[in-house]
Amino acid sequence: YQNFENLEMNFVIFEDKLDATEVKIHKSSCHYYTKQLSQKPDTTIWHESLDFKSAQDKTKTIASKYNKGWRMAKCCC
């Protein structure tokens with residue numbers, strides 16, 4: 001994820017409340033994020049982050065809560 005460390009952009013973290021998938025970091029401009037904002041599903045939480053390092057730290061914390069892994073979303077790589 002070294003390519004993202006110096007980017008000045010916002011990121012969002014996808015948390016699946018049903019514990020079905022690993023925790024994923026998306027760019028805040030990602031179509032999955034912007035589409036779900038209008039739908040407001042009950043099974044997911046989106047966490048905002050101002051930079052990649054903060055997103056990565058928060059993602060690790062959320063992933064440990066579920067004993068799951070985490071990754072950068074494939075759609076945002």
Side-chain angles (χ1 to χ4, degrees):
Y1 303 117
Q2 292 174 338
N3 296 339
F4 294 105
E5 290 179 0
N6 295 321
L7 289 178
E8 292 184 19
M9 65 170 41
N10 294 335
F11 293 89
V12 291
I13 301 150
F14 175 79
E15 178 181 351
D16 182 353
K17 290 172 28 179
L18 298 178
D19 192 23
T21 66
E22 57 199 351
V23 182
K24 298 177 194 75
I25 300 174
H26 290 261
K27 295 176 185 173
S28 60
S29 59
C30 177
H31 66 278
Y32 287 111
Y33 173 61
T34 56
K35 180 180 176 182
Q36 282 210 355
L37 279 181
S38 63
Q39 295 174 350
K40 300 186 191 270
D42 293 335
T43 59
T44 61
I45 300 173
W46 289 93
H47 305 269
E48 296 181 358
S49 188
L50 296 177
D51 58 55
F52 185 72
K53 175 70 172 121
S54 298
Q56 196 174 31
D57 291 344
K58 188 180 281 188
T59 300
K60 289 177 183 178
T61 300
I62 295 167
S64 69
K65 178 170 77 171
Y66 295 102
N67 201 23
K68 288 266 186 182
W70 66 274
R71 64 179 170 84
M72 189 71 191
K74 291 178 184 176
C75 53
C76 296
C77 289

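In this text, all values refer to a predicted model and were calculated from it rather than measured experimentally.
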- prompt: How far apart are the closest heavy atoms of V12 and Y33, and which atoms are they?
  reply: CG1-CZ, 3.5 Å
query: For H26 and A73, which heavy atoms make the closest approach, and how far apart are they?
result: CE1-CB, 3.3 Å
- prompt: Any donor-acceptor pair under 3.5 Å linking the side chain of K17 with the backbone of D42?
  reply: yes
field: Approximate separation, where rounding is to 0.5 Å, of I45 CD1 and I13 CD1
entry: 11.5 Å
field: Closest non-hydrogen atom pair, Y32 against C75
entry: CD1-SG, 3.4 Å
- prompt: For V23 and I62, which heavy atoms make the closest approach, and how far apart are they?
  reply: CG2-CG2, 3.8 Å
query: Could you state the interatomic distance from SG (C76) to NE2 (H31), rounded to the nearest 0.5 Å?
result: 8.0 Å
- line: Correct closest heavy-atom pair for H47 and E15 would be NE2-OE1, 2.5 Å
field: Non-hydrogen atoms of W70 and I25 that approach each other most closely
entry: CZ3-CD1, 3.9 Å
message: Quick check for you: to the nearest 0.5 Å, what is the distance between T59 atom OG1 and R71 atom CZ?
response: 12.0 Å
task: Would you mind reporting whether T21 and F14 have side-chain heavy atoms less than 4.5 Å apart?
output: yes
